[in-house]
Structures are given as C-alpha cells and as structure tokens.
Amino acid sequence: MISSRRTLLKTAAAIPVTRLAAQAKQHIAVIGAGAWGGWTAVYLQRLGARVTLLDAWGPGNSRASSGGETRIIRATYGDRPYVDMVVRALDLWRENERRWDRKMFHQTGVIWMAGEDQHLERAALDFMKQAGVNPEELTAAEAGKQYPQINFENIKLVIREKNAGFLTARSNCDYVLEGFQKEGGEYRQLAVEPGTIESGRMRGVKLSNGDSLNADTYVFCCGPWLGKVFPTVIGNLIRPTRQEVFFFGTPVGDPRYLENQMPTWIDNTAAKTFYGIAGNQWRGFKLADDARGPTFDPTWGERLASSEGLRAARKYLEFRFPGMRGAPLLETRVCQYENTPDQHFLLDRHPEAANVWLAGGGSGHGYKHGPAIGERLAKMVLGKQPVDPFFSLTSRHTGRTG
C-alpha cells in the first residue's frame with residue numbers, strides 16, 4: 001500500500017505543473033461574441049477557465065446589437081444597480097484600454113436634459129452621489145451659456161457627468177476579441193444550436209459546420225436571438241425591436257458640433273427620448289429616437305431607414321440644434337434593441353440545465369456595461385458570485401430604468 005502510494009506521488013511529481021493546471025481547467029463555451037459575450041469570455045479566461053468563444057457572423061457585425069459606430073456611457077439611471085455597474089464598467093474600460101493599448105472610451109462628458117417630470121432624474125442624482133459619480137446640476141440658463149449651440153427650450157434640469165462620454169462600439173468588439181485571443185482564448189466563427197438536456201445538463205452543442213462541441217459549461221450571450229435559441233425558457237421575454245439612427249452633416253467650418261466642443265447628450269423631456277453623439281470620429285452628428293420600434297427579425301430584417309423616421313429626426317434636430325437646420329443626411333443605420341418587458345437585464349442559470357447560463361435583454365442600454373457584465377457573469381459561472389435576484393429569470397421587475 002505504501003509502495004503504491006509512493007509510485008502515485010512520483011508519477012504526479014513527474015507531470016509538469018503547467019500540464020496539471022491545464023488538466024484542471026474547466027472548458028467553457030461562450031456563444032455570442034458581442035459586448036457581453038466577448039467580455040465574459042475575457043474574464044472567464046482570466047479566472048483560469050479554458051474558453052471557446054463562438055459567433056455566427058463575428059463580433060460587432062452589422063446584424064448584432066453591439067454593431068454600429070458608438071454607444072453612450074453614462075450613470076444617470078433611476079435604479080441603483082445600474083449606477084454601480086456603470087461605475088465599475090467605466091473603470092474596466094479604462095483599465096483594458098491601458099492593458100491592450102487601444103482607444104475605446106471618449107470622455108466628452110454627457111448631459112441629460114429633463115422637463116417638468118424629474119422623478120427618474122432626482123432618484124438618479126441621489127444614486128450617483130452615493131456611488132461617487134459627482135454629477136452637476138445645471139439650469140437651462142446655465143447650460144445655455146456653456147453650450148449656446150443647443151436650444152434649451154422646455155428644459156427644466158440638466159445633469160452633467162463630466163467623466164462620461166461614448167464608446168466606439170464595433171471596433172471595441174474587435175479589440176476585445178483580439179485581446180481574448182492574445183490571452184489564450186479560442187475563437188470559432190460558427191453558428192450554434194443548443195444540444196439536448198438530459199439529467200439536468202446540456203449534452204454538447206451543434207455547430208453549423210456539422211460538428212458538435214462538448215464543454216463543461218455553456219454561456220449563451222445571444223443578444224436579440226436569445227428568445228429563438230431558447231423559445232420555451234425565454235421566448236417573448238426578449239423582444240427585438242427595430243431602431244433607426246441618423247447621421248447628419250455639420251455646417252462647413254463650424255466646430256461647435258464636434259465632440260471636442262459639445263457633450264454627448266440625452267433629451268428626456270418628452271414622450272419620445274432622443275439622444276445623440278457629436279463627431280463620432282467624423283461620421284457626422286448622430287441622432288436617434290430611443291422609443292421602442294416595431295418587432296424586428298435581426299437575421300432577415302431589411303435595414304433601410306424609413307422616411308417617417310427621417311422626418312421626425314430632422315424636425316427634432318432643427319428644434320434642439322438650430323444651427324443644424326438644413327443639414328444633409330450623411331448615413332443611416334437600422335439596428336435593434338432586445339427588450340425585456342421591464343427593460344432590466346437577464347443574467348441567470350437555465351432552470352433545467354445546471355451547466356447552462358443565459359445573458360440577454362440589453363434593452364438598448366446594455367453595451368456600456370459590457371466589461372462589468374463580463375466580470376460578473378464569469379464569477380457567477382465559476383461559482384464565485386451568486387445570481388443577483390434583480391437580474392434573475394424568476395424574479396422580474398417593473399418600472400423604468402432610465
């Protein structure tokens with residue numbers, strides 16, 4: 001008995017440490033290489049897992065919710081969990097900028113404009129102060145002196161976050177994939193179908209090239225496709241909607257509408273919330289209506305902006321930014337939001353498969369949270385952090401997120 005034990009110990013000692021570590025690694029497949037899936041793969045890899053990241057069309061592709069030029073990052077939320085998550089996400093965006101030597105965040109500042117109804121904004125101000133964001137409150141007159149190119153008519157409150165700004169969306173997805181691969185991750189551009197669930201576990205997934213992939217755990221970050229991938233568990237809980245974005249040309253020789261002279265902005269004064277980003281790395285003056293559009297098929301939907309959407313955007317543009325009257329339309333984009341009924345995220349384990357995790361419901365405000373979601377989800381998958389009921393599948397919420 002003693003001799004056998006000595007033999008086993010000698011055999012174990014002869015195996016290189018690196019090989020033992022590799023044998024101990026859990027193999028995790030992450031499906032979807034957008035803002036949430038890409039960052040989740042990165043943090044799983046950094047926490048010691050062996051990770052395979054898969055995507056049907058590639059990170060930040062034109063069908064993806066993480067595609068397009070830019071996304072706003074701001075902490076003005078009426079729910080404390082999102083404020084805290086933005087604070088963490090901004091730290092992580094900056095940390096990974098330094099790590100990878102890539103420009104991902106543009107600190108233009110963000111102004112949030114409110115009208116008479118300031119229920120959300122007052123809650124947000126308290127939450128931001130508690131989280132150390134230190135927002136500024138401006139009157140319309142004060143804001144007008146600092147930003148004379150904006151018409152502050154009907155504005156009763158302006159919240160300014162000097163440390164906020166925008167993120168370069170699709171290019172950041174490329175940087176995340178690049179960083180993931182350099183840190184040892186595997187990427188495969190293939191479509192994925194869930195495998196069968198037996199005895200409380202998923203038994204592999206099917207790939208579009210005819211192969212199967214077997215992993216210990218599967219994390220589905222499928223954006224607007226999550227409901228179709230899991231029609232029984234998710235189904236209509238996540239509904240993709242059609243969203244139009246317009247880019248207008250700024251006046252010749254007029255720098256007032258460029259990102260170094262104008263903040264990123266959100267106008268929450270009316271039934272429809274408009275938002276925009278100046279400059280956009282010379283793409284034009286971005287403007288979009290945040291109201292949820294009609295249901296949209298992210299795979300087969302035609303991405304042509306409507307004449308009605310353009311008229312509404314131009315009418316708003318000329319009211320709020322008088323110097324942009326008559327501005328030419330340079331580009332349009334049709335993307336989608338993947339909305340939950342309450343616009344809160346979904347981060348939870350599959351109720352019938354212990355080795356399957358579901359992440360979705362970005363609801364038009366998920367991109368900015370990418371690295372914080374990835375860090376959180378990686379810890380949940382590896383058993384280092386519990387599921388937060390605020391984001392769970394079984395405990396849904398009502399109310400507006402901001």
Drop me the distance from [X]'s [atom1] to [Y]'s [atom2], to the nearest 0.5 angstrom.
{"X": "Arg74", "Y": "Thr264", "atom1": "CZ", "atom2": "OG1", "answer": "12.0 Å"}
{"X": "Leu377", "Y": "Leu382", "atom1": "CG", "atom2": "CG", "answer": "9.5 Å"}
{"X": "Thr332", "Y": "Phe248", "atom1": "OG1", "atom2": "CZ", "answer": "10.0 Å"}
{"X": "Glu69", "Y": "Leu167", "atom1": "CD", "atom2": "CG", "answer": "13.0 Å"}
{"X": "Ile266", "Y": "Glu161", "atom1": "CD1", "atom2": "CD", "answer": "8.0 Å"}
{"X": "Thr40", "Y": "Lys379", "atom1": "OG1", "atom2": "NZ", "answer": "12.5 Å"}

Output, in order, the C-alpha distance, side-chain angles, deciding distance and verdict of side-chain contact (heavy atoms from CB on, under 4.5 Å) for Phe246 and Leu317. CA-CA 10 Å; Phe246 301 91; Leu317 176 75; over 6 Å; no
Begin with the C-alpha distance, continue with both residues' side-chain angles, and end with the deciding distance and a verdict on side-chain contact (heavy atoms from CB on, under 4.5 Å) for Leu358 and Val356. CA-CA 7 Å; Leu358 308 173; Val356 176; 4.1 Å; yes
May I ask you to check whether over 12 heavy atoms, not counting those of [X], lie within 6.0 Å of atom [atom1]?
{"X": "Glu302", "atom1": "CD", "result": "no"}
{"X": "Lys145", "atom1": "NZ", "result": "no"}
{"X": "Asn260", "atom1": "CG", "result": "yes"}

So, are [X] and [Y] salt-bridged, with charged N and O less than 4.0 Å apart?
{"X": "Glu137", "Y": "Arg122", "value": "yes"}
{"X": "Glu244", "Y": "Arg333", "value": "no"}
{"X": "Glu375", "Y": "Arg88", "value": "yes"}

Can you tell if the side chain of [X] reaches within under 4.5 Å of the side chain of [Y], non-hydrogen atoms only?
{"X": "Pro298", "Y": "Arg63", "answer": "no"}
{"X": "Leu138", "Y": "Ile111", "answer": "no"}
{"X": "Trp112", "Y": "Asn268", "answer": "yes"}
{"X": "Tyr175", "Y": "Asn96", "answer": "no"}
{"X": "Ile159", "Y": "Gln118", "answer": "no"}
{"X": "Gln130", "Y": "Val83", "answer": "no"}
{"X": "Phe391", "Y": "Thr340", "answer": "no"}
{"X": "Leu258", "Y": "Gln261", "answer": "no"}

Can you list the steps and then say if Val381 with Leu44 is a side-chain contact (heavy atoms from CB on, under 4.5 Å)? CA-CA 8 Å; Val381 170; Leu44 282 167; 4.2 Å; yes
Donor-acceptor contact below 3.5 Å, side chain [X] vs main chain [Y]:
{"X": "Asn172", "Y": "Met104", "answer": "yes"}
{"X": "Ser66", "Y": "Ala35", "answer": "yes"}
{"X": "Trp36", "Y": "Gly362", "answer": "no"}
{"X": "Tyr218", "Y": "Gly204", "answer": "yes"}
{"X": "Lys162", "Y": "Ala164", "answer": "no"}
{"X": "Arg303", "Y": "Val334", "answer": "yes"}
{"X": "Asn355", "Y": "Met202", "answer": "yes"}

Over all heavy atoms of both residues, which pair between [X] and [Y] is shortest? Give the atoms and the distance, please.
{"X": "Asp216", "Y": "Lys25", "result": "OD2-O, 4.4 Å"}
{"X": "Thr70", "Y": "Lys286", "result": "O-NZ, 2.8 Å"}
{"X": "Pro194", "Y": "Val205", "result": "CA-CG1, 4.2 Å"}
{"X": "Val133", "Y": "Ala75", "result": "CG2-CB, 4.2 Å"}
{"X": "Arg170", "Y": "Gly60", "result": "CB-O, 3.6 Å"}
{"X": "Asn151", "Y": "Glu153", "result": "OD1-N, 3.0 Å"}

So, [X] and [Y]: side-chain donor and acceptor under 3.5 Å apart, yes or no?
{"X": "Tyr316", "Y": "Asp289", "result": "no"}
{"X": "Asp254", "Y": "Gln149", "result": "no"}
{"X": "Thr269", "Y": "Asn154", "result": "no"}
{"X": "Asp290", "Y": "Tyr337", "result": "yes"}

Of His365, His344, His369, Lys368, which is the lone residue that meets side-chain hydrogen bond (donor to acceptor under 3.5 Å, both in side chains) with Tyr82? His344
Distance-only check: which donor-acceptor pairs under 3.5 Å involve side-chain atoms of residues 322-330, not counting sequence neighbours?
from, atom 1, to, atom 2, distance (Å)
Arg325, NH1, Glu318, OE1, 3.4

Trp265 and Tyr147: aromatic ring centres closer than 6.0 Å? no
Is the distance between the ring centroids of Phe285 and Phe321 under 6.0 Å? yes
Which of Arg102, Arg98, Glu97 passes side chain to side chain contact (heavy atoms under 4.5 Å, CB included) with Trp100? It is Arg102
Cut-off 3.5 Å, no hydrogens considered: what does the side-chain donor-acceptor table look like for residues 221-240, sequence neighbours left out?
from, atom 1, to, atom 2, distance (Å)
Trp225, NE1, Thr299, OG1, 2.7
Lys228, NZ, Asp297, OD2, 3.4
Arg239, NH1, Thr295, OG1, 2.8

List for me each residue that meets ring-ring contact (aromatic ring centres under 6.0 Å, His included) alongside Phe166, sequence neighbours excluded, and say none if there are none. His106
Among all residues two or more places apart in sequence or in another chain, which pass the ring-ring contact (aromatic ring centres under 6.0 Å, His included) test with Tyr367? Trp93
Only pairs under 3.5 Å count here: list side-chain donor-acceptor contacts from residues 185-193, not counting sequence neighbours, and write none if there are none.
from, atom 1, to, atom 2, distance (Å)
Glu186, OE1, Thr52, OG1, 2.8
Tyr187, OH, Gln189, OE1, 3.0

Pairwise salt bridge (Lys or Arg N to Asp or Glu O under 4.0 Å) hits with a residue in residues 380-392, at least two apart: Arg376-Asp388
Where do Arg320 and Leu287 land on the side-chain contact (heavy atoms from CB on, under 4.5 Å) test, with the steps shown first? CA-CA 11 Å; Arg320 190 63 77 197; Leu287 186 149; over 6 Å; no
